[in-house]
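Report on the structure given below.
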Amino acid sequence: MKKIVTMMAVVMVGVMSLTSCGGNTNTNTTQTGSGSNESGTATDSTQTASGSAAEATIKNKDIEIKDGETLTGKHHVKIKVKKYGTMKLTLDADNAPITVTNFIKLANEGFYDGLTFHHITSGFMIQGGDPNKNGTGGSDQTIKGEFSQNGVENKISHKRGVISMARSQDPDSASSQFFIVHVDADYLDGQYAAFGKVTKGIEVVDKICQKFGSAELVPEEDQPVITSIDVID
């Protein structure tokens, strides 16, 4: 019974941390896999993921994203983590078009290069993509949360290897922070915008979780570094 109670406590802490990350305000609380800061604010929920202040065309190989457009279909990226290896992921823009467009746009811009996985909970998830490296930051834009509790159908379940967006309590506060599920966490379904899955290299997540255990917020100097996120197609 003690083990069960302990595990439930870990899960609850993890979920609370996911909902503590999200927007790009400095008042966010510690961000974890499922969400960002609880005090973060979000912009208009109708804002599309591909918008940019400069309204410039971003082109990477065969992908061209113009302001106001969203992607469809399947797309592929590689996440390289220094000293841990490379993960290959398939992103599903049919289930989460705004989220995938936003993620690929930021990757194309090199936004993620040199950032880290700052929040690690073995048996739950690893979370990264925060320029502040502590769960309080994000890009200069927030996007609509693509999940059922926010009125959007999303059939991707939070199984092992699934990538999803962290956010604050505001459903439309996701920005740049994302998490990758270590162990099945389908209790997050309907609450967070899952948008793809690791298809090769899940052992990278295993290695990171094995090293840090349930460290949650990792000291900045020890955080695994995202060398790059490269868009393949």
Side-chain angles (χ1 to χ4, degrees), residues 10-45 47 49 51-53 79 81-82 98-99 102-103 105-107 109-122 124-147 150 158 163-182 185 188 191-195 205 208-209 211-229:
V10 170
V11 168
M12 290 303 298
V13 169
V15 172
M16 290 174 66
S17 60
L18 290 177
T19 55
S20 63
C21 48
N24 55 354
T25 63
N26 291 327
T27 56
N28 290 352
T29 61
T30 303
Q31 231 170 330
T32 66
S34 61
S36 60
N37 69 25
E38 297 176 352
S39 57
T41 57
T43 58
D44 186 353
S45 64
Q47 189 174 26
S52 65
I79 300 179
V81 186
K82 187 177 181 180
I98 293 173
T99 307
N102 179 66
F103 187 81
K105 170 183 174 289
L106 293 175
E109 294 173 343
F111 178 89
Y112 290 113
D113 300 357
L115 298 187
T116 63
F117 287 103
H118 63 275
H119 190 111
I120 298 166
T121 304
S122 181
F124 184 29
M125 59 83 213
I126 63 173
Q127 180 175 321
D130 175 15
N132 292 345
K133 302 180 180 180
N134 60 11
T136 65
S139 67
D140 60 0
Q141 179 176 355
T142 55
I143 60 174
K144 181 175 178 63
E146 295 178 299
F147 47 88
N150 201 33
H158 288 79
I163 184 171
S164 188
M165 292 301 291
R167 63 172 178 84
S168 72
Q169 290 185 330
D170 186 326
D172 298 324
S173 59
S175 178
S176 65
Q177 293 192 51
F178 63 92
F179 62 98
I180 299 175
V181 178
H182 183 215
L188 300 178
Q191 304 177 65
Y192 298 95
F195 62 101
V205 176
I208 291 172
C209 287
K211 178 175 176 60
F212 293 97
S214 297
E216 297 191 6
L217 185 60
V218 177
E220 184 174 334
E221 63 273 15
D222 298 327
Q223 294 172 8
V225 176
I226 300 170
T227 304
S228 65
I229 296 182

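Nothing here was measured: the structure is a model prediction, and the numbers come from that model.
The two residues Ser164 and His158 come nearest to each other via the heavy atoms OG-NE2, 2.9 Å. Closest approach of Pro131 to Gly138, counting heavy atoms only: CG-O, 3.5 Å. Residues Lys144 and Ile98 approach most closely at CB-CD1, 4.2 Å, considering heavy atoms.
Between Asp222 and Phe212 there is a side-chain heavy-atom pair separated by less than 4.5 Å. Between Leu106 and Phe178, every side-chain heavy-atom pair lies at or beyond the 4.5 Å cut-off. Ser176 has its side chain out of reach of Asp130: every pair of non-hydrogen atoms, C-beta onward, lies at least 4.5 Å apart. Between Ile120 and Pro224, the closest side-chain pair of non-hydrogen atoms falls below 4.5 Å. Using a 4.5 Å cut-off on side-chain heavy atoms (C-beta onward), Ser214 and Phe124 make no contact.
Inspection of the Ser173 and Thr142 side chains reveals no N or O donor paired with an N or O acceptor under 3.5 Å. For Asp170 and Ser168, the side-chain atoms include no donor-acceptor pair closer than 3.5 Å.
For the pair Ser122 (side chain) and Gly213 (backbone), a donor-acceptor distance under 3.5 Å is absent.
Here Lys105 contributes atom NZ and Ser139 contributes atom OG; the two are 6.5 Å apart, rounded to the nearest 0.5 Å. We find the CG-CD1 distance between Asp113 and Ile229 to be 7.5 Å, quoted to the nearest 0.5 Å. Between Glu216 atom CD and His119 atom NE2 the span is 4.5 Å, to the nearest 0.5 Å. Atom CE of residue Met165 and atom CG of residue Asn102 lie 5.5 Å apart, to the nearest 0.5 angstrom. Rounded to the nearest 0.5 Å, atoms CD (Glu146) and OG1 (Thr99) are 3.5 Å apart. Atoms CD1 and CD1, on Ile180 and Ile126 in that order, are 4.5 Å from each other to the nearest 0.5 Å.
Exactly one residue among Gln223, Lys133, Lys82 makes a side-chain hydrogen bond (donor to acceptor under 3.5 Å, both in side chains) with Thr116. That residue is Gln223.
Relative orientation of the Phe103 and Tyr112 rings is tilted, given thresholds of 30° and 60° on the angle between their planes.
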